[in-house]
Peer 1: 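Here it is, the structure in full.
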2 protein chains.
Amino acid sequence: MTRALSLHQRIREDIEGQIRSGAWPADYRVPFETELMAQYGCARMTVSKAMAALVEAGLIVRRKRAGSFVARPKVHAPVLNIPDIPSTIRSRGEAYGFRLRLSRVRSPDPALPDEVVLAAGGELLEIEGVHDAAGRPFALERRLIALVAAPDAALADLATVPPGAWLLENIAWTEAESRISAVNADAAIASLLDLHEAAACLVVDRRTWRGGEPVTRVCQIFPGEAYDLMARFGPAG
Amino acid sequence: MTRALSLHQRIREDIEGQIRSGAWPADYRVPFETELMAQYGCARMTVSKAMAALVEAGLIVRRKRAGSFVARPKVHAPVLNIPDIPSTIRSRGEAYGFRLRLSRVRSPDPALPDEVVLAAGGELLEIEGVHDAAGRPFALERRLIALVAAPDAALADLATVPPGAWLLENIAWTEAESRISAVNADAAIASLLDLHEAAACLVVDRRTWRGGEPVTRVCQIFPGEAYDLMARFGPAG
DNA sequence: CCTTGCAATATGTCTATACATATTAGAGCC
DNA sequence: GGCTCTAATATGTATAGACATATTGCAAGG
């Protein structure tokens, strides 16, 4: 059963439907607020609330004196789905495992400005491990954690809890940036992921911050042909 | 100069700042609307508008009788930036070019359900070409366009206007889905992109619809080491 | 023809008020 | 103690009115 919608939501959905169906193309002039208030028999504030939500969603553009118009679709803002690795594997019904291969505390390399910034004057926890799905390697993870931001990380039992899950529980981040690229597997990657050398791999390089303060940087390497990322742009479902 | 902000925007930004700075952690109870109206000396509707925007942005959660609380950050909804190829190249200050290599109208392959669905009972326009940056190959594009949805595409002068730009101008889409993966360049790709064989390439496979009706499917192949995609989660700037 | 200025108009913001609705703290009862 | 019912409370929705502001169309003047 569809829940009872408030009036401004109904107005919003009606207009959204016209736009998404293509009935109102880009640059089409949406009825004036006065017309809509007559049509729905409500106050202007109610119409305005619906319109404001449509602006927020990027579906319309409003211009004083001219009216409101259907926005041209933005090319560049699909929502990327980067599920975390354990849940991806478990949702396929496969057993998940994490094999820790390296875990040590060290100072940032002064030759690498990125590391120095991340460390923020303290030391770094460096971690490397392999995520397994059904006993076979699924992804290689190399991670640096700023101990200034997450001092407890050094004490965590990363042999049992993968570092991504530990951080998510303990140091919630507020900003993240991911870069996605492709590389050929070198000998080390090929061996760890059970691939032939030079196999194409998908690389997700993610940095996260907590209120401007860097927390961690992680590089996840997936076999390119066995994994893909999905991005969607469209109805907010 | 910072523009004059309306009051509800200022309230919104003040609260957003507290959250993004980490001063108000997840589950922190933000001041009641009555407290905020006293603090800013305004009506409740004004506070409410700010709060509604924060809910829309996913920064807070509101519960009747209990109050409004800072939301725990969503893990997996970064906004992916897929700029279109000509503007990416031009923004680097390099000359952009498109070399059309193939353009023909054909029927969908009955063995490929995807093609049959895309064609929607009509024929397909198949296009292949290379995007050049500063005279060197930058990306290979293979595209199928449903002529049912875009009958004029067959008449477009795709030798001068790249098909992506043409479609954007003429058949605005409303929904898109992109899959991102990595492959090793085969002989054909390596030759067209001027890479050694087996070089890792980043593949963006995008399908678009217009109100549920399929419009086009495009596969763009980039040299993996020379290109990356960026995704961000955080301040909506 | 081009410019300037005015007035009409549609959106943008805000108020004060009203009632609806969900949830919780606490009172009262077994 | 554990249960239920009730009343208080904070948000959710909506109204009618007011004034601000940006932009457009048009008219008057050069």
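The figures that follow rest on heavy atoms only: side chains count, while hydrogens, waters and symmetry mates do not.
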Peer 1: Figure out the CD/C1' separation between A:Glu56 and C:dG12, and round it to whole Å.
Peer 2: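 Roughly 15 Å, once rounded to whole Å.
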
Peer 1: If you pin A:Gly41 and B:Pro31 to their nearest nucleotides in DNA chain D, which one's is more 5'?
Peer 2: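 It is B:Pro31 whose nearest nucleotide is closer to the 5' end.
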
Peer 1: For B:Tyr28, give me all partners under side chain to side chain contact (heavy atoms under 4.5 Å, CB included), at least two apart in sequence or on another chain.
Peer 2: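 So B:Tyr28 forms a side chain to side chain contact (heavy atoms under 4.5 Å, CB included) with B:Trp24, B:Pro25, B:Val70.
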
Peer 1: Pair up each side-chain donor or acceptor in residues 142-152 of chain A with any protein partner under 3.5 Å, not counting sequence neighbours, and list the distances.
Peer 2:
| unit_1 | atom_1 | unit_2 | atom_2 | d |
| --- | --- | --- | --- | --- |
| A:Arg142 | NE | A:Glu128 | OE1 | 3.4 |
| A:Arg143 | NE | A:Glu141 | OE2 | 2.9 |
| A:Arg143 | NH1 | A:Thr216 | OG1 | 3.2 |
| A:Arg143 | NH2 | A:Glu141 | OE2 | 3.0 |

Peer 1: When you measure from the side chain of A:His8, which nucleotide among D:dT15, C:dT13, D:dT13 comes out closest?
Peer 2: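 Between D:dT15, C:dT13, D:dT13, the one nearest the side chain of A:His8 would be D:dT13.
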
Peer 1: Just the rounded figure in Å: distance from P of C:dA10 to CZ of A:Arg29.
Peer 2: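 One finds 8 Å between P of C:dA10 and CZ of A:Arg29, rounded.
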
Peer 1: Can any side-chain N or O of A:Glu35 pair as donor or acceptor with the backbone N or O of A:Phe32 at less than 3.5 Å?
Peer 2: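 Checked: pair present.
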
Peer 1: For A:Arg92, what residues pass the side-chain hydrogen bond (donor to acceptor under 3.5 Å, both in side chains) criterion, not counting sequence neighbours?
Peer 2: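 Checked A:Arg92 against side-chain hydrogen bond (donor to acceptor under 3.5 Å, both in side chains); zero matches.
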
Peer 1: Just to confirm, is there a sub-4.0 Å distance from OP1 or OP2 of D:dT15 to any side-chain nitrogen or oxygen of A:Thr46?
Peer 2: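 True: A:Thr46 side-chain N/O within range (under 4.0 Å) of D:dT15 OP1/OP2.
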
Peer 1: I'd like to check the side chain to side chain contact (heavy atoms under 4.5 Å, CB included) partners of B:Asp114; sequence neighbours left out, ordered by chain and number.
Peer 2: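 B:Asp114 satisfies side chain to side chain contact (heavy atoms under 4.5 Å, CB included) with B:Arg207, B:Arg217 once adjacent residues are dropped.
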
Peer 1: By salt bridge (Lys or Arg N to Asp or Glu O under 4.0 Å), which residues pair with A:Arg63, not counting sequence neighbours?
Peer 2: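 Checked A:Arg63 against salt bridge (Lys or Arg N to Asp or Glu O under 4.0 Å); zero matches.
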
Peer 1: What is the distance, to the nearest angstrom, from the CE atom on A:Met37 to the P atom on D:dT15?
Peer 2: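 After rounding, the gap between these two atoms is 9 Å.
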
Peer 1: Rounding to a whole Å, what distance do you find between A:Arg10:CZ and D:dG12:P?
Peer 2: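 Answer to the nearest Å: 21 Å.
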
Peer 1: At under 4.0 Å between heavy atoms, how does the protein contact nucleotides 18-27 of chain D? Give one character per nucleotide, 5' to 3', with B, S or -.
Peer 2: B--BBBB---

Peer 1: Rounding to a whole Å, what distance do you find between B:Leu36:CG and D:dT11:C1'?
Peer 2: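 Between C1' of D:dT11 and CG of B:Leu36: 13 Å.
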
Peer 1: Has A:Ser68 got a side-chain N or O lying under 4.0 Å from the OP1 or OP2 atom of C:dT11?
Peer 2: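 Yes, A:Ser68 has a side-chain N/O under 4.0 Å of OP1/OP2 on C:dT11.
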
Peer 1: Tell me whether the OP1 or OP2 atom of D:dT13 has a side-chain N or O from A:Ser6 closer than 4.0 Å.
Peer 2: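 Answer yes for this pair, as a side-chain N or O of A:Ser6 is under 4.0 Å from OP1 or OP2.
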
Peer 1: Using atom OH of B:Tyr40 as one end and atom C1' of C:dT15 as the other, report the distance to the nearest whole Å.
Peer 2: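 Atom-to-atom, B:Tyr40 to C:dT15, this comes out as 18 Å.
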
Peer 1: Over how many whole Å does the gap from A:Glu35 atom CD to C:dT9 atom P extend?
Peer 2: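 Whole-Å distance recorded here is 13 Å.
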
Peer 1: What is the distance, to the nearest angstrom, from the CD1 atom on B:Ile11 to the P atom on C:dT15?
Peer 2: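 Rounded to the whole Å, the gap is 8 Å.
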
Peer 1: B:His131 and B:Phe98: aromatic ring centres closer than 6.0 Å?
Peer 2: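 Ring centroids of B:His131 and B:Phe98 are less than 6.0 Å from each other.
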
